[in-house]
Amino acid sequence: MFEVNDTVQLLKNPLDEQLGEYIPLGIKTIVEVRDTSNIPHTSGQWVKIAEYSDWIDSSYFEKINK
């Protein structure tokens with residue numbers, strides 16, 4: 001599970017590439033976390049990153065060990 005201020009790697013683009021929507025891959029910082037364990041078909045957690053103001057399923061990220 002991720003926590004606020006975790007450093008993570010964005011593994012793939014969570015947005016609709018057919019509409020030209022992209023978030024550059026790479027290292028990001030988690031700024032907000034929401035438990036979604038009660039919502040079917042999610043990883044159980046949504047996160048926000050500094051570069052994007054909407055919720056993203058945490059399955060798009062991998063935690064970077066410091």
Side-chain angles (χ1 to χ4, degrees):
M1 299 302 280
F2 296 112
E3 297 179 14
V4 172
N5 293 322
D6 277 352
T7 302
V8 296
Q9 176 80 25
L10 179 60
L11 302 173
K12 58 186 176 178
N13 183 31
L15 305 180
D16 191 341
E17 294 175 355
Q18 292 180 342
L19 296 176
E21 299 174 336
Y22 295 94
I23 298 173
L25 302 182
I27 297 172
K28 311 295 181 189
T29 301
I30 302 291
V31 296
E32 201 168 337
V33 176
R34 176 181 284 174
D35 179 5
T36 59
S37 57
N38 63 330
I39 301 174
H41 311 292
T42 70
S43 67
Q45 190 176 48
W46 290 346
V47 300
K48 287 186 182 182
I49 56 174
E51 297 88 348
Y52 189 70
S53 63
D54 204 358
W55 294 105
I56 303 170
D57 193 89
S58 66
S59 64
Y60 287 92
F61 300 92
E62 178 177 81
K63 194 170 190 175
I64 297 175
N65 295 331
K66 288 186 173 185

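If you're wondering where the values come from, they're calculated on a predicted model, not measured in any experiment.
Under the side-chain hydrogen bond (donor to acceptor under 3.5 Å, both in side chains) criterion, S53 pairs with no residue, sequence neighbours left out.
Pairs engaging residues 55-65 under the salt bridge (charged side-chain N to carboxylate O under 4.0 Å, His left out) rule: D6-K63 [sequence neighbours left out].
V4 and I56 fall within the same hydrophobic cluster, where Ile, Leu, Val, Met, Phe, Trp and Tyr residues are linked whenever their side-chain heavy atoms come under 4.5 Å apart, directly or through other members. I39 is not connected to F2 by any chain of hydrophobic side-chain contacts under 4.5 Å among Ile, Leu, Val, Met, Phe, Trp and Tyr, and they are in different clusters. There is no path of hydrophobic side-chain contacts, each under 4.5 Å, that joins Y60 to W46. A continuous path of hydrophobic side-chain contacts links V47 to Y52 [ILVMFWY only; heavy atoms under 4.5 Å]. Under a hydrophobic clustering in which Ile, Leu, Val, Met, Phe, Trp and Tyr are joined whenever their side-chain heavy atoms come within less than 4.5 Å, directly or via other members, L25 and V8 fall into the same cluster.
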Using distance only, find each side-chain donor-acceptor pair of residues 10-18 under 3.5 Å and give its atom names and separation, not counting sequence neighbours.
from : atom 1 : to  : atom 2 : distance (Å)
N13  : OD1    : L15 : N      : 3.4
N13  : OD1    : I23 : N      : 3.1
N13  : ND2    : E17 : OE2    : 3.4
N13  : ND2    : E21 : O      : 2.9
D16  : OD1    : Q18 : N      : 3.0

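The closest side-chain heavy-atom distance from I49 to F61 is below 4.5 Å.
Nearest heavy-atom pair, D35 versus G44, reported as atom, atom and distance to 0.1 Å: OD1-O, 3.3 Å. Nearest approach of K28 to E51, heavy atoms of both residues: CD-OE1, 3.5 Å. When every heavy atom of Q45 is checked against every heavy atom of V33, the shortest pair comes out as NE2-CG1, 2.9 Å. In this structure, S43 and S59 approach most closely via the heavy-atom pair OG-N, 3.8 Å. When all heavy atoms are compared, the tightest approach of I27 to Q9 is CG1-OE1, 3.6 Å.
In this structure, T36 contributes its side chain and T42 its backbone to no donor-acceptor pair below 3.5 Å.
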